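For reference, the structure is listed below as structure tokens.
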Amino acid sequence: MTKPLLVLGSANADLVVEVGRRPAGGETVLGGDTVVLPGGKGANTAVAAARVGASVALVGAVGDDGYGALLRESLESSGVDTSLVKTSARPTGIAYITVTPDGENSIVVSPGANADVSSSDVDGLSFGGARILTCSLEVPLETVVHAIGVASAAGVRTVLNLSPVAGLPAETLRQLTVLIVNEHEAAQLAADWRGLLDLGPASAIVTLGSRGAAVVERTGVVEVPAVEVAEVVDTTGAGDAFAGAVSARLANGDDIVQAARYAVKVAALSVTKPGAQPSYPTAAEVGSPN
Ligand code: RIB
């Protein structure tokens, strides 16, 4: 039986180094010791959803190597179904991440096995029992476009975290239940937030970092205030935590504003600890969804 929440996306080993500042072109800076953590936008989203109680499966790929084992262990220990994560002949994807003292990150991704996630993997899925399909864009765009088309035709609600940003066919945008973008992406796509709906999705969420989020529906815009945290340690994967928590709550029957309110709390808690997946809170740590 298919899980109520399907996440299609990448799984990466995050090679993280703290630096005082990022080097300019041609410059070398010394950083701290390298830390290897489980990451990738798809795996992060699935883990965030599972930690807050969702029944979720990841559709993705890892290599037959130590990083692949690290990712499977993180997914499985969080309760994510990995039966749809295939083992590719390519190496597991790697993200090279620098984190500065303000908690900001910059990332270069080497996709590796993620490039093998294909439309035929989607064709092998049964969508019976699925309520939500959530995608992000570190796997081939054509696979995501195909998955959203198939899910939408099967009556499954679709969520797309438009990260990293890419151009999408107009038909795919029309097949989306929720488009998640940050405010910079929103500004690239439309003159104002309501204009995002003219692109086709039934609704949109604009994430605003430390200022919370805005839910854009045909009936209007609802601003969801941020949750204050004592110290921002590392923002890596906060957007994925948000997407995972929104998807978990939508699969649970919440409306989009309720789901966004909950997800703002999850994302806020995630920035108080280092890394992506290791920083995601459990339902008990988040507290009441209302
Ligand atoms: O969004 C954060 C993620 O982006 C990291 O975990 C890294 O793997 C890259 O995919």
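If you're wondering where the values come from, they're calculated on a predicted model, not measured in any experiment. Counting starts at 1 for both ligands and their atoms, in listed order.
- Those atoms of ligand 1 with a heavy atom of D240 less than 4.0 angstrom away are 1 (O), 2 (C), 3 (C).
- The closest donor-acceptor contact from the side chain of D102 to the backbone of E104 lies under 3.5 Å.
- At least one N/O-N/O distance between G40 and ligand 1 falls below 3.5 Å.
- Between N44 and ligand 1, at least one pair of N/O atoms sits closer than 3.5 Å.
- Summary of contacts: the protein heavy atom closest to atom 4 (O) of ligand 1 is K41 NZ, 3.1 Å.
- Dense packing is recorded around CD of E76, with more than 12 heavy atoms of other residues, nucleotides or ligands lying under 6.0 Å away.
- Of all protein heavy atoms, the one closest to atom 9 (C) of ligand 1 is E138 OE2, 3.4 Å.
- Taking CG of L197 as the start and CG of L179 as the end, the distance is 9.0 Å to the nearest 0.5 Å.
- Each of the following atoms of ligand 1 lies closer than 4.0 Å to a heavy atom of G39: 6 (O), 8 (O).
- Geometrically, R249 engages Y262 in a cation-pi contact, judged by NZ or CZ lying under 6.0 Å from the ring centre and within 45° of the ring axis.
- Comment: R211 does not engage E223 in a salt bridge, judged by the lack of any side-chain N to carboxylate O separation of less than 4.0 angstrom.
- Remark: ligand 1 and S10 share no N or O pair separated by less than 3.5 Å (distance only, no angle test).
- Considering only non-hydrogen atoms, atom 6 (O) of ligand 1 lies nearest to D14 out of T235, D14, V16.
- Enclosure of atom CG in D33 is not indicated, since only 12 or fewer non-hydrogen atoms of other residues, nucleotides or ligands lie within 6.0 angstrom.
- The closest approach between G237 and ligand 1 falls below 4.0 Å for a heavy atom of the residue.
- A donor-acceptor pair under 3.5 Å is absent between the side-chain atoms of K3 and the main chain of V80, judged by distance alone.
- Shown here for D234 and G275, the closest heavy-atom pair between the two residues is OD2-N, 2.9 Å.
- Each of the atoms 4 (O) of ligand 1 lies under 4.0 Å from some heavy atom of I107.
- The distance from ligand 1 to the heavy atoms of A95 drops below 4.0 Å at these ligand atoms: 7 (C), 8 (O).
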